[in-house]
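Contents: one structure, followed by commentary.
Residue indices begin at 1 and follow the sequence shown. As the structure is a prediction and not an experimental result, all values here were calculated from the model.
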Amino acid sequence: MADEPKASRGNLQGIAMLVAIWAIVTLSVVFGLRHGLPELASDRGYLDTLYYVILGITGVAYIAFQIALGYVIWRYRGDRPGASSSHWHESHRLELTWTLGTAVILVPIVLTGLSQWNRVRAAAPDDAITVIAVGAQFQWDFQYPGADGEFGRFDPALYAIDNQIGLDESDAAATDDWVLTNQLVLPVGRPARILMRSKDVQHAFFLPNFRVKQDLVPGMTTEVWFTPTKTGSYEIACAELCGLGHYRMRAFLEVMDEADYANWLVENAPATE
């Protein structure tokens with residue numbers, strides 16, 4: 001009789017753990033379905049495909065193992081008959097099975113990922129619009145090349161309040177360059193090449209809707225390119241902790257159709273002599 005309270009507590013604990021595990025699984029699945037990736041607005045849908053394939057495989061495995069774990073906890077709760085444990089030192093057949101099974105799943109994923117990485121890192125098309133993004137604590141400056149299509153030289157020694165990007169105005173190519181602070185405008189359906197540099201610490205150019213994230217490394221020029229496929233306004237965030245004001249380092253990308261973009265250039269680009 002003395003063992004009955006102990007067995008009862010074991011039964012309740014087993015049932016409680018079963019309910020908790022299955023509740024966590026249910027909530028995580030519901031959350032994952034409701035809060036997935038943000039709306040895609042670029043040509044990088046192939047990254048989403050691989051992401052969902054990996055999420056599907058790992059999700060099914062996660063749900064299956066958690067259900068099995070909950071069942072085992074419930075089945076062998078308390079002092080029920082058959083609740084004694086067993087173990088063995090090794091099973092070459094089992095080890096070979098899970099090693100080969102994992103390899104069959106992972107090798108195609110790795111090869112696909114390498115192929116997609118090559119697409120991401122490929123050179124931008126010749127007709128891409130090129131803009132320079134300069135990151136600094138805590139703002140973004142975007143330099144457009146003007147009518148000549150060439151960027152003027154920059155010199156870090158020239159950084160100043162009235163020259164945020166350090167543009168060398170003695171360079172002939174710099175005379176028609178112009179700069180927007182915390183605003184980037186691009187046309188839809190045309191490749192955009194973003195050249196990036198940092199004025200101080202490491203930053204990261206992050207466009208969630210475009211599946212774009214690229215670090216800005218002090219002393220280096222990095223780049224990324226993508227093709228916007230939807231018009232609209234999208235947030236540009238810094239995805240690298242860059243100081244106390246990191247939270248307010250944000251800009252906006254405005255994607256326009258070709259006609260509106262052409263009008264915007266006429267209205268905003270500086271007049272040339």
Side-chain angles (χ1 to χ4, degrees), residues 17-18 20-73 75 85-126 128 189 191-196 202-217 220-230 234 237-241:
M17 292 182 67
L18 168 66
I21 290 173
W22 286 5
I24 291 172
V25 171
T26 302
L27 290 174
S28 61
V29 171
V30 171
F31 182 86
L33 292 175
R34 294 186 60 182
H35 303 279
L37 295 174
E39 180 186 16
L40 179 67
S42 76
D43 60 336
R44 292 190 169 186
Y46 55 88
L47 296 178
D48 287 14
T49 300
L50 181 59
Y51 168 81
Y52 283 117
V53 168
I54 295 174
L55 182 63
I57 294 172
T58 55
V60 169
Y62 164 72
I63 293 172
F65 279 107
Q66 295 305 315
I67 290 176
L69 175 62
Y71 170 76
V72 170
I73 291 174
R75 174 66 178 81
S85 63
S86 62
H87 66 276
W88 60 93
H89 292 289
E90 62 182 20
S91 172
H92 295 307
R93 178 178 297 178
L94 183 60
E95 292 169 1
L96 184 62
T97 298
W98 72 50
T99 300
L100 292 178
T102 303
V104 167
I105 296 172
L106 290 183
V107 169
I109 290 176
V110 170
L111 294 178
T112 302
L114 290 174
S115 174
Q116 294 189 357
W117 178 244
N118 288 335
R119 292 178 66 179
V120 169
R121 302 305 301 168
D126 294 336
R193 178 179 178 233
I194 313 297
L195 303 178
M196 291 164 281
Q202 186 164 322
H203 301 281
F205 182 79
F206 184 36
L207 277 167
N209 296 89
F210 296 79
R211 312 305 187 246
V212 168
K213 181 179 179 293
Q214 178 62 53
D215 286 351
L216 286 72
V217 182
M220 295 177 59
T221 297
T222 54
E223 69 174 270
V224 68
W225 75 272
F226 58 94
T227 302
T229 57
K230 292 184 179 180
Y234 304 93
C238 176
E240 192 74 38
L241 182 60

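- With rounding to the nearest 0.5 Å, the separation of CD in Q202 from CE in M220 is 9.5 Å.
- Closest approach of R93 to T97, counting heavy atoms only: O-OG1, 2.7 Å.
- Using a 4.5 Å heavy-atom cutoff, the side chains of S28 and Y62 are in contact.
- E39 is not listed as a side-chain neighbour of L37, based on a closest heavy-atom distance of 4.5 Å or more.
- When side chains are defined from C-beta on, L216 does not count as touching E240, because their heavy atoms never get closer than 4.5 Å.
- Across every non-hydrogen atom of G113 and L50, the tightest pair is CA-CD2, 3.8 Å.
- Side chains of I109 and I54 form a contact here, defined as non-hydrogen atoms less than 4.5 Å apart.
- Within 6.0 Å of CZ in F65 there are 12 or fewer heavy atoms belonging to other residues, nucleotides or ligands.
- Interatomic distance, OG1 of T58 versus CD1 of I105, reported as 10.5 Å (0.5 Å rounding).
- The shortest side-chain heavy-atom distance between V120 and R44 falls under the 4.5 Å cut-off.
- Atoms CD1 and CD, on I24 and Q66 in that order, are 8.0 Å from each other to the nearest 0.5 Å.
- Looking at R211 and P38, their side chains come closer than 4.5 Å, going by heavy atoms from C-beta outward.
- Counting heavy atoms from C-beta on, the side chains of W225 and D43 come closer than 4.5 Å.
- Formation of a donor-acceptor pair under 3.5 Å by the S42 side chain with backbone atoms of P228 is not found in this model.
- For the residue pair F206 and V212, the shortest heavy atom distance occurs at CD1-O, 3.3 Å.
- Across all non-hydrogen atoms, the minimal contact from L40 to G45 is CD2-CA, 3.4 Å.
- Scored by the side chain to side chain contact (heavy atoms under 4.5 Å, CB included) test, E223 finds R193, L195 as partners (sequence neighbours excluded).
- Here the options are F205, Y46, F210, the test is ring-ring contact (aromatic ring centres under 6.0 Å, His included), and the partner is F226; only F210 passes.
- For A128 against A192, the heavy-atom pair with the smallest separation is CB-N, 4.5 Å.
- For the atom pair H203 NE2 and T222 OG1, the distance stands at 11.5 Å (nearest 0.5 Å).
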